[in-house]
Amino acid sequence: MAGTLTLSTKTSPFPWAAAAIATYTEKAELSFDESASGVTLDFEGSKITDEAEIVRTLAKAGGLSDESTKTQTYFELAKTLPKVTAVPAILTSLDSLDDYLAFRTFLVGHDITAADFIVWGALKASVKLIGLLKNNKHVHLSRWYSYIEALDSTQLAQTSFIEAKASKARSNKTAASFALGLQNAKEGEVVTRFPPEPSGYLHIGHAKAAMLNQYFAKMYKGKLIIRFDDTNPTKERTEFEETILEDLSLLDVHGDILTHTSDYFDKLYELALQLIKEGKAYADDTEQAQMRDERFKGIASKHRDDGVEDNLKHFAEMKTGSEEGVRWCVRAKMSVDNPNKALRDPVIYRCNLLHHHRTGDKWKVYPTYDFACPVVDSIEGVTHALRTNEYRDRNPQYYWMIEALGLRPVHIWDFSRLNFIYTLLSKRKLHWFVDSGLVRGWDDPRFPTVRGIRRRGLTVEALRQFMLAQGPSQAIVSLEWDTLWTLNKKIIDPIAPRFWAIEKEGIVPVKVNGGPTTPEVKTLPKHKKNPDVGEKKTVFASQLLIEQEDALSFEDQEEVTLMDWGNAIVRKKNLDDSGKVISIEVDLHLEGDFRKTKKKITWLAAPTPEHPLIDATLLDYDYLITKKKLEENDELKDFVTPETEFREEVYADANIVDLKKGDIIQFERKGYYIFDGKSQDGKPEFIHIPDGRAASIASKAGSTADTPTPARQARAEAKKLENSAGIW
């Protein structure tokens with residue numbers, strides 16, 4: 001029986017070892033309760049509040065127990081290490097661990113044990129220890145630490161923590177419970193499947209299903225089947241199969257087997273015949289509207305009790321696609337008036353005379369999804385069928401098909417469909433935007449398609465962590481985008497190179513007294529906290545360019561900081577009649593203390609033939625609709641956001657010329673951007689990546705010409721935060 005590990009995100013230091021081993025062993029679900037003090041494990045009738053004892057208990061329950069003297073030594077180290085304050089003493093311990101791990105994968109023995117989790121948790125919980133570890137002086141210890149950190153279970157624990165924190169302290173059983181696994185799953189035997197219809201592009205809702213299927217297949221060392229559900233020639237095309245496989249690749253989802261429902265058309269036809277012969281299905285020519293009405297009212301079809309021979313004759317006529325045959329369908333004989341209307345004799349076969357993109361004109365009759373899905377799942381060896389809970393009423397129908405045909409049973413594991421505010425997932429409605437020319441295609445960064453969100457700068461890792469954090473939630477709610485973008489920022493921030501860009505409109509020339517007589521080029525890190533990101537060339541000159549917004553904020557004789565250079569004192573600010581700044585003069589004051597200035601500004605050396613600047617465009621986007629959730633009777637065109645694309649022309653530093661399409665960067669004091677390639681006129685274009693803060697994800701609908709652009713508002717907030725933090 002699984003236990004419950006109750007934690008609070010406010011606990012300091014956070015009990016990372018307990019959380020990580022809980023998700024790894026799958027012996028306890030994480031329950032975040034912000035009113036909780038400390039950490040508590042409820043397990044097999046006992047309550048344990050000591051983290052070390054919790055780790056021992058879960059390790060033993062998960063088969064990781066190792067009570068050797070070495071293990072106890074590491075538990076003692078984990079207890080004392082965070083309390084050591086002297087850096088030399090800390091380094092001595094880290095050196096010792098590094099030496100020990102030079103020729104070892106784990107701390108005790110050849111497999112992961114409680115010792116690994118308790119020491120990893122002690123390091124993870126200490127900012128000072130992590131800081132020293134990131135100096136790259138302990139390569140073996142860092143390798144071991146990164147291995148534990150990168151485990152799916154550890155990522156799940158961290159994502160759960162982030163999700164709980166973002167949920168602002170509501171008591172919430174998070175997705176760690178989902179790590180408890182699938183019903184009756186056996187390692188090496190689990191088979192999952194992702195069955196898209198080849199009739200369009202995948203969106204973020206499909207992404208959840210695809211990623212969960214792959215997660216479980218990998219978790220149990222099983223297989224993932226990618227199966228195209230090609231039972232409707234009206235909608236399906238070969239090119240959509242290719243785009244779906246490309247979309248899955250963008251999500252880093254790769255199946256072990258690729259199949260089609262059409263591979264089983266012969267078998268499905270035989271099984272439909274079997275149902276008819278056994279009196280479990282019948283042919284019906286009731287008009288569609290009448291059939292719908294009869295099913296709703298619980299009225300039996302006039303053909304429900306027709307004889308087997310008549311039913312077989314009509315099914316044979318259907319197979320020919322004749323004028324008589326197309327009038328008929330085949331229905332499963334389940335129930336007339338079951339309270340669950342999904343069980344009221346659903347259609348399992350119908351005619352379609354269109355050419356099928358794989359089988360050509362061989363078939364004129366095709367199985368419905370509700371019939372084909374359970375049958376093919378069983379035939380292909382699927383052990384667990386993951387479905388969104390919108391299908392829950394049809395789950396008994398799924399089981400009925402398998403039982404009626406005497407097929408191998410399949411477990412259903414359902415989860416909530418993913419919905420986001422201001423977001424449409426309906427294929428029909430997305431088509432309308434494309435057909436109306438309101439977007440540029442299915443990969444438009446305003447679209448919730450896999451292509452759209454990846455083009456907007458959302459990483460696969462952020463999406464994966466977000467999906468895992470949702471877990472087995474059954475709540476059908478419209479989620480905010482903030483948690484997803486916050487996760488994304490956490491992933492891209494440590495590795496995104498930093499560059500500068502200055503808005504062209506109102507650009508202000510600055511004369512720097514004391515600056516170099518001729519431009520000088522210095523090599524600086526692209527990321528001050530991560531030297532591995534590389535280096536860039538920065539031009540220093542006595543003629544600079546800054547943004548109008550910064551220039552307007554300067555007081556006379558104010559000391560400001562020129563980022564990456566030093567302080568300067570504003571000596572002269574020239575304005576035109578409208579109050580716009582047209583030039584500034586400053587004295588360089590490099591001995592000044594940047595910690596005492598209120599304003600830290602980006603700048604660029606004025607361009608010269610030897611040191612040109614790059615013309616570039618920054619793009620920002622709004623939601624396509626103005627209402628958080630459209631109701632069934634809402635008319636889509638009444639809620640279309642009037643303006644959803646915002647363009648800003650900038651000068652960017654010359655270092656951006658080396659970027660490749662898809663590279664993610666940060667324009668300091670502006671935000672994160674993804675390089676989208678060059679426009680038709682050869683100008684580099686960068687798409688703004690939301691970072692989860694309110695200004696970057698709020699609906700911008702309602703902005704007027706007199707209102708600062710949403711992009712500027714977001715950047716203004718970023719500048720305030722950075723200036724208040726004293727960023728240098």
Side-chain angles (χ1 to χ4, degrees), residues 195 197-199 227-238 240-241 259-292 294-295 300-335 342-380 394 397-398 400-407:
E197 181 183 49
S199 61
R227 181 201 308 144
F228 286 110
D229 177 51
D230 53 347
T231 58
N232 186 354
T234 304
K235 298 180 179 180
E236 296 146 4
R237 297 202 299 269
T238 302
F240 281 130
E241 292 189 9
T259 68
H260 296 75
T261 300
S262 56
D263 297 337
Y264 304 94
F265 278 172
D266 288 296
K267 182 64 176 177
L268 287 160
Y269 180 76
E270 290 173 13
L271 292 173
L273 284 173
Q274 178 184 323
L275 286 180
I276 293 173
K277 290 173 182 177
E278 293 176 356
K280 297 175 182 175
Y282 61 95
D284 192 2
D285 68 346
T286 304
E287 292 279 341
Q288 188 178 34
Q290 182 182 340
M291 186 186 296
R292 186 183 299 117
E294 288 179 350
R295 290 188 73 209
S301 164
K302 60 186 176 184
H303 293 292
R304 194 170 198 272
D305 295 321
D306 285 359
V308 170
E309 293 304 318
D310 281 343
N311 289 322
L312 289 173
K313 181 183 71 174
H314 292 309
F315 194 30
E317 194 69 30
M318 287 173 61
K319 190 182 179 187
T320 68
S322 67
E323 188 176 344
E324 170 63 17
V326 298
R327 293 178 46 246
W328 294 79
C329 67
V330 175
R331 298 173 66 179
K333 200 170 184 178
M334 290 187 190
S335 172
L343 297 179
R344 295 184 181 180
D345 291 5
V347 174
I348 61 171
Y349 254 91
R350 75 285 199 217
C351 286
N352 192 321
L353 306 185
L354 294 178
H355 182 86
H356 189 280
H357 69 285
R358 290 190 77 238
T359 61
D361 298 316
K362 176 181 177 181
W363 294 97
K364 308 297 182 187
V365 287
Y366 293 92
T368 61
Y369 176 83
D370 288 333
F371 178 62
C373 182
V375 169
V376 179
D377 280 351
S378 182
I379 292 172
E380 288 192 331
R394 289 153 78 177
Q397 186 189 89
Y398 181 103
W400 186 95
M401 301 289 184
I402 287 176
E403 186 176 343
L405 291 165
L407 300 173

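One distance of note links NE2 of H260 with OG1 of T359; it measures 11.0 Å at 0.5 Å rounding. Interatomic distance, CG of N352 versus CE of M318, reported as 11.0 Å (0.5 Å rounding). For the atom pair S262 OG and H357 NE2, the distance stands at 6.5 Å (nearest 0.5 Å).
For S335 (side chain) and L343 (main-chain N/O), no donor-acceptor pair under 3.5 Å exists by modelled atom type. A distance-only check finds no donor-acceptor pair linking the side chain of Y369 to the backbone of T231 [under 3.5 Å].
E317 and S322 get closest at one heavy-atom pair: OE2-OG, 2.5 Å. In terms of heavy atoms, W400 sits closest to A332 at CZ3-CB, 3.9 Å. The shortest non-hydrogen separation linking C373 to Y398 is SG-CE1, 4.2 Å. In this structure, R295 and A342 approach most closely via the heavy-atom pair NH2-O, 3.8 Å. For the pair P233 and H355, the tightest heavy-atom approach, listed with the atom from each and the gap, is CB-O, 3.8 Å. Here the closest heavy-atom approach between residue C351 and residue V326 is recorded as SG-CA, 3.7 Å.
Sorted by first and then second residue, the pairs that involve residues 303-312 and meet side chain to side chain donor-acceptor pair (under 3.5 Å), not counting sequence neighbours, are D285-H303, H303-D306, R304-D345.
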**Item:** Trace of the side-chain contact (heavy atoms from CB on, under 4.5 Å) decision for E380 with Y264
**Value:** CA-CA 10 Å; E380 288 192 331; Y264 304 94; 2.8 Å; yes
**Request:** May I have the step-by-step check of side-chain contact (heavy atoms from CB on, under 4.5 Å) for V330 and L275, ending in yes or no?
**Result:** CA-CA 10 Å; V330 175; L275 286 180; over 6 Å; no
**Request:** Please test R344 against M291 for side-chain contact (heavy atoms from CB on, under 4.5 Å), starting from the C-alpha separation and ending with a verdict.
**Result:** CA-CA 10 Å; R344 295 184 181 180; M291 186 186 296; over 6 Å; no
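Considering only heavy atoms from C-beta on, E241 comes within 4.5 Å of R358 through its side chain.
Take K277 and apply the side-chain hydrogen bond (donor to acceptor under 3.5 Å, both in side chains) test, not counting sequence neighbours, and it matches no residue. Residues meeting the side-chain hydrogen bond (donor to acceptor under 3.5 Å, both in side chains) test with T286, sequence neighbours left out: D284. Partners of D229 by side-chain hydrogen bond (donor to acceptor under 3.5 Å, both in side chains), not counting sequence neighbours, listed by chain and number: T261. Taking the side-chain contact (heavy atoms from CB on, under 4.5 Å) definition, one finds that V375 meets it with L268, L271, F371, I379, L405, L407, sequence neighbours left out. In this structure, E236 has no side-chain hydrogen bond (donor to acceptor under 3.5 Å, both in side chains) partners at least two apart in sequence or on a different chain.
Taking a 6.0 Å sphere around CD of E403, one finds it holds 12 or fewer heavy atoms contributed by other residues, nucleotides or ligands.
Using a 4.0 Å cut-off between charged side-chain N and carboxylate O, R227 and D263 make no salt bridge.
Paired with H356 under the rule ring pair (Phe, Tyr, Trp, His ring centres under 6.0 Å), one option of W363, F228, Y366 passes, and it is Y366. With respect to D370, the salt bridge (charged side-chain N to carboxylate O under 4.0 Å, His left out) criterion is satisfied by exactly one of R350, R331, R394: R394.
Geometric assessment of K362 against the ring of F265 yields a negative cation-pi assignment under the 6.0 Å and 45° thresholds.
Ring planes of Y269 and Y349: perpendicular class, angle over 60° (limits at 30 and 60°).
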